[in-house]
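Below is one structure, written out as structure tokens, with a few remarks after it.
The structure displayed is predicted, hence computed values, not measured ones. Hydrogens, waters and symmetry mates are skipped; everything else that's a heavy atom, side chains included, is used. Quick note: residue numbers are just sequence positions, from 1.
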Amino acid sequence: MKAAVLYEPKSRFVVEDVEVQEPKHGEVMVRMVAGGVCHSDLHVVKGDMVAPLPAILGHEGAGIVERVGEGVTNVRKGDHVIPLWRLSCGQCEWCLGGRPALCDAAAQIRSTGCLLDGTSRFRKGSTEIKHFAGVSTFASLSVMMEQAVVKIRNDIPLEKAALVGCGVITGVGAVVNAAQVRPGASVAVFGTGGVGLNVIQGAALVGAGKIIAVDLLDNKLECAREMGATHEINASQTDPVANIKELTGGQGVDYAFEVIGLPETISQSVEVLRKRGVAVIVGVTRREATIALETFPMVFQERTVMGSIYGSARPRVDVPALIDLYMAGKLKLDPLLTRTYPLEQINEAYDALERGETARSVVTFS
Ligand code: PAD
Ligand code: ZN
């Protein structure tokens with residue numbers, strides 16, 4: 001099978017033939033149809049986020065079950081599925097407590113680059129190739145745990161459905177599950193890429209009032225308006241903090257979302273809060289990053305700062321529900337999918353993401 005392998009940080013993807021082994025007990029083999037080009041993989045490429053390498057990256061995607069290992073009961077050959085980059089074991093404290101995105105087994109998979117039995121299903125000659133986040137969606141045939149796939153209806157095009165597996169659930173979930181934005185509330189969103197646009201879409205879905213989009217690029221801000229932003233600020237031309245204060249009568253916003261992953265914009269998202277405001281950090285920074293927090297407003301204005309991983313969602317329930325919303329015409333996926341690339345052009349797809357030319361693109365497999 002063909003896959004995009006990253007051998008070391010700060011290098012390019014190598015698209016090559018990789019040997020894939022049969023799914024073992026509790027595992028499924030998925031024929032990937034589309035793999036989403038999300039910024040989180042780019043953090044690994046740049047060495048800002050550490051993952052066991054060499055690995056087949058990719059964590060957003062959609063495909064069709066090709067084969068199932070022994071004991072698999074949730075899905076069967078031919079099912080359309082979305083891989084979950086945080087699987088939920090269903091047994092740990094976090095899964096049982098309704099927080100499957102924090103599953104302990106998912107953390108183990110991520111840190112080892114292996115499936116739950118501690119081994120990998122990918123090889124290139126004598127070299128073991130690791131799994132990324134347990135899903136490795138940049139592979140024409142990938143193997144993952146049964147708990148890492150969710151079956152979806154088969155009447156949605158899989159390139160569109162792929163986006164739900166990370167960008168959509170992360171962005172919409174940050175609004176609905178993490179912040180629990182109230183109708184009429186004011187919202188600022190720093191960074192309107194593939195994930196930030198879905199924060200905007202989530203805010204529009206729950207009936208937020210002002211939805212203020214902040215980015216450095218006009219093309220992203222145009223897309224933000226299409227997704228439901230009511231105001232746009234180009235932070236390369238003007239101070240976003242002063243501008244947001246001005247747009248809110250000097251008060252600031254009820255909710256601010258940072259969807260870039262930079263300490264300075266995280267600080268800005270806290271600075272723009274009004275009394276009882278909530279800042280949600282979604283963007284992934286370099287591992288060692290810190291921010292300084294002005295403590296007085298935290299206390300005297302009762303501010304909250306929180307993080308959100310995987311939309312603080314329950315993906316097995318939320319993924320099919322989001323797809324139903326799209327099919328009912330209530331969730332936007334079409335304007336998000338800017339481009340489709342063959343897997344062979346994955347490096348070009350990431351170059352275009354870095355230059356800010358695409359909102360979300362997917363790679364497809366011939
Ligand atoms: P993206 O590259 O599509 O979007 C980032 C956007 O930020 C772009 O539109 C940039 O122009 C804009 N930007 C960059 N610098 C600034 C700045 N100083 N001020 C304003 N705007 C700026 O990335 P993405 O949407 O795929 O991912 C965004 C982040 O979210 C990234 O750090 C990714 O790793 C993280 C992420 N987190 C989760 C999670 O569960 N928390 C899931 C998926 C992605
Ligand atoms: Zn992602």
### Message
Could you measure the distance from the CG atom of Leu336 to the OG atom of Ser361? Nearest 0.5 Å is fine.
### Response
11.5 Å
### Query
Under 4.5 Å between any side-chain heavy atoms of Cys114 and Lys130, yes or no?
yes
### Point-to-point distance, once rounded to the nearest 0.5 Å, from CG of Leu333 to CD of Glu159
11.0 Å
### Query
Arg355: what forms a salt bridge (Lys or Arg N to Asp or Glu O under 4.0 Å) with it, not counting sequence neighbours?
Glu357
#### Entry: Donor-acceptor pair, side chain of Glu146 and main chain of Asn74, under 3.5 angstrom
yes
### Task
Please round to the nearest 0.5 Å and tell me the distance separating atom OG1 of Thr364 and atom CG of Leu158.
12.0 Å
### Query
Within the distance-only criterion (no hydrogens, no angle test), does the side chain of Ser120 pair as donor or acceptor with the backbone N or O of Ile129 below 3.5 angstrom?
yes
### Query
Hey, does the side chain of His43 reach the backbone of Val284 with a donor-acceptor pair shorter than 3.5 angstrom?
yes
### Task
Measure the NE2-CZ distance between His80 and Arg31 for me, rounded to the nearest 0.5 Å.
12.5 Å
### Donor-acceptor pair, side chain of Asp215 and main chain of Leu221, under 3.5 angstrom
no
### Message
Less than 4.5 Å apart, side chain to side chain, heavy atoms only: is that true for Val305 and Met298?
### Response
yes
### Query
Are any side-chain N or O atoms of Ser111 and backbone N or O atoms of Gln108, one a donor and one an acceptor, separated by less than 3.5 Å?
yes
### Task
For residues Val280 and Val199, determine if any side-chain heavy atom of one lies less than 4.5 Å from a side-chain heavy atom of the other.
no
### Message
Which residue is it: Glu128, Glu19, Glu27? I am looking for the one with a side chain to side chain donor-acceptor pair (under 3.5 Å) to Arg121.
### Response
Glu27
### Plane angle bin for Trp85 and Tyr310 - parallel if under 30°, tilted between 30 and 60°, otherwise perpendicular
parallel
### Query
Is the closest side-chain heavy-atom distance between Ile56 and Ser142 below 4.5 Å?
no
### Query
Got a second to check how far Gln345's CD is from Asp351's CG, nearest 0.5 Å?
11.0 Å
#### Entry: Closest contact, heavy atoms only, Lys124 versus Tyr7
CG-OH, 3.8 Å
### Sidechain N-carboxylate O distance under 4.0 Å for Glu354, Lys46
yes
### Message
Regarding Asn243 and Glu246, do their side chains bring together a donor and an acceptor under 3.5 Å, going by distance alone?
### Response
no
### By ring pair (Phe, Tyr, Trp, His ring centres under 6.0 Å) - contacts of Phe122 (at least two apart)
His131
## Note on the structure
Nearest heavy-atom approach of Gly58 to Val135 is O-CG2, 3.8 Å
### Query
Would you call Arg274 and Asp254 a salt bridge, taking side-chain N to carboxylate O under 4.0 Å as the test?
yes
### Task
Using a strict cut-off of less than 4.0 Å between a Lys/Arg side-chain nitrogen and an Asp/Glu carboxylate oxygen, indicate whether Lys245 and Asp239 qualify as a salt bridge.
no
#### Entry: Heavy-atom check, side chain of Val143 versus side chain of Gln21, under 4.5 Å
no
### Task
Taking all heavy atoms of Cys89 and all of Cys103, pick out the closest pair and write down the distance.
N-SG, 3.3 Å
### Summary
Nearest heavy-atom contact between Ala179 and Phe257 is CB-CZ, 3.7 Å
#### Entry: Under 3.5 Å donor-acceptor, Thr340 side chain and Val362 backbone
no
### Query
Checking side chain to side chain contact (heavy atoms under 4.5 Å, CB included) for the pair Ile281/Met306: CA distance, chi angles, key distance, verdict?
CA-CA 6 Å; Ile281 306 171; Met306 67 191 298; over 6 Å; no
### Query
Quick one: do Arg287 and Asp48 make a salt bridge, cutoff under 4.0 Å?
no
### Task
Check whether any side-chain N or O of Thr137 sits under 3.5 Å from a backbone N or O of Gly35 as a donor-acceptor pair, and report yes or no.
no
### Message
Check this for me, if you would: do Lys332 and Glu226 make a salt bridge, where the nitrogen-to-carboxylate-oxygen distance has to be below 4.0 angstrom?
### Response
no
### Query
Would you find more than 12 non-hydrogen atoms of other residues, nucleotides or ligands less than 6.0 Å from Glu70 atom CD?
no
### Message
I'd like to know whether Leu84 forms a side chain to side chain contact (heavy atoms under 4.5 Å, CB included) with Arg316, so could you lay out the CA-CA distance, the side-chain angles of the two residues, the decisive distance to 0.1 Å, and finally the verdict.
### Response
CA-CA 9 Å; Leu84 305 176; Arg316 309 189 78 84; 4.2 Å; yes
### Task
Report the C-alpha distance between Val214 and Ile244 in whole Å, list the side-chain angles of each, state the deciding distance to 0.1 Å, and finish with yes or no for side chain to side chain contact (heavy atoms under 4.5 Å, CB included).
CA-CA 9 Å; Val214 183; Ile244 289 169; 4.0 Å; yes
### Message
Quick one: does any side-chain atom of Tyr350 pair with a main-chain N or O of His39 as donor and acceptor, under 3.5 Å?
### Response
no
### Message
So for atom CZ, which belongs to Arg314, do other residues, nucleotides or ligands contribute more than 12 heavy atoms lying within a distance under 6.0 Å?
### Response
no
### Message
The criterion is salt bridge (Lys or Arg N to Asp or Glu O under 4.0 Å); which residues satisfy it with Lys275, sequence neighbours excluded?
### Response
none
### Message
If we ignore hydrogens and angles and just use 3.5 Å, is the side chain of Ser312 paired with the main-chain N or O of Ser308 as donor and acceptor?
### Response
no
### Message
Could you report the tightest heavy-atom contact between Gly167 and Glu60, atom names first, then the distance?
### Response
N-OE1, 2.8 Å
#### Entry: More than 12 heavy atoms from other groups under 6.0 Å of CZ on Arg76
no
### Message
I'd like to know if the side chain of Lys151 and the backbone of Asp79 have a donor-acceptor N/O pair within less than 3.5 Å.
### Response
no
### Task
Determine, step by step, whether Ile109 and Leu87 satisfy the side chain to side chain contact (heavy atoms under 4.5 Å, CB included) criterion, reporting the C-alpha distance in whole Å, the side-chain angles of both residues, the deciding distance to 0.1 Å, and the verdict.
CA-CA 9 Å; Ile109 280 189; Leu87 63 66; 3.3 Å; yes
### Summary
Correct closest heavy-atom pair for Gly191 and Ile260 would be CA-CG1, 3.5 Å
### Query
So how far is it from Phe190 CZ to Thr265 OG1, rounded to the nearest 0.5 Å?
7.5 Å
